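No experiment lies behind these values; they were computed from the predicted model shown. Below, read A as the first sequence line, B as the second, and so on, with proteins coming before strands; counting in each chain starts at 1.
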2 protein chains.
Amino acid sequence: MKNNGSVETGCLHCNVRLSSVFNVLDQEQTQELCAHKSCAVYKKGQYVFTENGLPNGLFCINSGKIKLTTTGYDGKEQILRLVKSGDILGYRALLSNERYHCSAVTLEDASICIIDKKYFFDALAASPKLMFEVVKKMSHDLKTAEDHIVSLSQKNVRERMAEALLFLKATYGFEEDNQTLNVSLSREEIADYVGTSTESCIRLLSEFNTDKLIQLKGKKISILNLQKLIQTANIEN
Amino acid sequence: MKNNGSVETGCLHCNVRLSSVFNVLDQEQTQELCAHKSCAVYKKGQYVFTENGLPNGLFCINSGKIKLTTTGYDGKEQILRLVKSGDILGYRALLSNERYHCSAVTLEDASICIIDKKYFFDALAASPKLMFEVVKKMSHDLKTAEDHIVSLSQKNVRERMAEALLFLKATYGFEEDNQTLNVSLSREEIADYVGTSTESCIRLLSEFNTDKLIQLKGKKISILNLQKLIQTANIEN
DNA sequence: CTTTTTTTATGATTTTAATCATGTTTCTGC
DNA sequence: GCAGAAACATGATTAAAATCATAAAAAAAG
């Protein structure tokens, strides 16, 4: 899959080097890497890469939110991960030299760099620190995935729905009002993360709304009663 | 959590260096590592490490099968991964410098080495090749976990049960008869992997048995009709 | 600024799988 | 070899959530 975004010369507002895994690089290493990256702007809903495509670089999110989804045999989508500004994207297939097993779609307009495969591997080999950062990222994603497995396996839809809202809060945080989730997902997308039907998702959100756990305004979800939401999610902390 | 196994001096039949991630090391590196490992024998059902424990080394399975499980809030177990001879164990928490988030329990008598944390990290820093091998292992486990998420999210219990049997085949293979799964799990353990109740697990296995997809003899499961099992699992290959 | 399409919403029905209940078989310790 | 415990088995009932159906609201397209 080719880079779908429109190229943005100069890459002035690229802040990848400041945040995320690349903060362990020194100035020289950073410049070397920057020399072999290109930045692009993606509109909401665009694919950054698609299932079965071959990776030819590492994506770094400058701005924007991205969902990693895979398609089940019957066409139903599953949201596997949610990615945000400062995160790296597409590292798994790249590192294990495989095809992408999921697609990356922007949830809003995004600015994304791609670092050339060869230079990224060189940088990894040259900097064990960088390698450890990437490993930590993967380790975190593995833990998150396994937590999700336990949740899907042992919790009912209501608990998972509450958990999903807490996950969105943990991932993207709140807007300035300190209670509205800083991400807009359709009910179907939320269902695709929770592992339920769209109808059940809508029903439960309405119910949480009625019970004053959350407040719904279109796609915007505000968390009104965090404590009760945690209780509903049945989380042990 | 301390090493629960009884120490086995000499570690004569240690074959870790031959298989798995360590095959990329040269003789000198292997010897350095071997000098800082200790081997132990575990009886069936023993814990190798437990949830919330602090890792102080990397486990390598010489022989035996191990399950990685975590406990849900209501005490229900979830089997997250299955580990076999030649595999490394406990790498995630070690690499990300965290506590174990799951426990490792032997499914049969096992012989396991532990490589001292410090020396393992030194070896990783010294050998990018080794690091890449570990990264590939983690990448594989992440992919497996995400496949499991899709399965739990989108498939019904019958499909997941068939899939689990195929997973067991892929992981542990067959016995000499070329059809009996080379691992013995209780119905409850299978249920803890599939994400269902023990009763449903028993019922479905009986049904597969009646339908001649499999043959049950105590804990031994033989796959009689692989093609139909694949169909039942609804797998797209 | 309408028309069409998509998304959200909610009720009714059906399906799935959990739970409850009970009995049998197999394993384990003495 | 026997007693007790654990694991396996199976039927009946209940609960959960999917599906089906329809409609309102919102968004997108013309």
**Request:** Taking only the side-chain heavy atoms of Ser186(A) (C-beta and beyond), determine which of dT8(C), dA17(D), dA17(C) contains the nearest atom.
**Result:** dT8(C)

**Fill in**
Atom NZ of Lys220(A) and atom C1' of dA27(D) are separated, to the nearest Å, by 16 Å

**Prompt:** For the side chain of Glu188(B), counting heavy atoms from C-beta on, which of dA7(D), dA16(D), dA18(D) is nearest?
**Reply:** dA7(D)

**Message:** Nearest to the side chain of Glu199(B), heavy atoms from C-beta on, is which of dC20(C), dA18(C), dT7(C)?
**Reply:** dC20(C)

**Prompt:** Is it the case that Lys84(A) places NZ or CZ above or below the six-membered ring of Tyr172(A), under 6.0 angstrom from the centre and within 45 degrees of the axis?
**Reply:** no

**Prompt:** When you check the side-chain N and O atoms of Ser139(B) and Arg92(A), is any donor under 3.5 Å from an acceptor?
**Reply:** yes

**Asked** Taking for each residue the nucleotide of DNA chain D bearing the nearest heavy atom, is the 5' side occupied by Gly195(A) or by Leu216(B)?
**Response** Leu216(B)

**Asked** Can you say whether the rings of Phe49(B) and Tyr100(B) are parallel (under 30°), tilted (30 to 60°) or perpendicular (over 60°)?
**Response** parallel

**Message:** What is the separation between atom CD on Glu159(A) and atom P on dA18(C), rounded to the nearest whole Å?
**Reply:** 14 Å

**Prompt:** Quick one: are the ring centres of Phe167(A) and Tyr193(A) less than 6.0 Å apart?
**Reply:** yes

**Request:** Establish, with yes or no, whether the OP1 or OP2 oxygen of dC8(D) is under 4.0 angstrom from a side-chain nitrogen or oxygen of Ser206(B).
**Result:** no

**Asked** From the list dA17(D), dA18(C), dT10(C), which nucleotide is the closest neighbour of the side chain of Ser200(A)?
**Response** dA17(D)

**Message:** The side chain of Ile202(A) is closest to which nucleotide in this list: dA17(D), dA17(C), dA9(C)?
**Reply:** dA9(C)

**Request:** Mind checking Thr196(A) for me? I need base, sugar-phosphate or nothing, with any heavy atom below 4.0 Å counting as a touch.
**Result:** sugar-phosphate

**Request:** Take the protein atom CD of Glu77(A) and the nucleotide atom P of dT7(C), then report the distance between them rounded to whole Å.
**Result:** 11 Å

**Item:** Glu207(B) CD - dA17(C) P separation (whole Å)
**Value:** 11 Å

**Fill in**
DNA chain C nearest-nucleotide lookup for Asn156(B) and Lys44(B): closer to the 5′ end is Asn156(B)

**Message:** What is the distance, to the nearest angstrom, from the NZ atom on Lys217(B) to the P atom on dC27(C)?
**Reply:** 14 Å

**Item:** Test: Lys65(B) and Glu108(B) ion pair at under 4.0 Å
**Value:** yes

**Message:** Heavy atoms from C-beta onward define the side chain here; which of dA9(C), dA7(D), dA18(D) lies closest to that of Arg187(A)?
**Reply:** dA9(C)

**Asked** Does dC8(D) have OP1 or OP2 sitting under 4.0 Å from an N or O in the side chain of Lys219(B)?
**Response** yes

**Value in whole Å for how far the P atom of dG11(D) lies from CG of Leu204(B)** = 14 Å

**Asked** Rounded to the Å, how far apart are Asn209(A) CG and dT8(C) C1'?
**Response** 12 Å

**Message:** Looking only at the side chain of Arg203(A) (C-beta and beyond, no hydrogens), which of the listed nucleotides dC20(D), dA9(D), dA12(D) gets closest?
**Reply:** dC20(D)

**Message:** Without decimals, in angstroms, what is the distance between Leu185(B) CG and dA7(D) C1'?
**Reply:** 14 Å

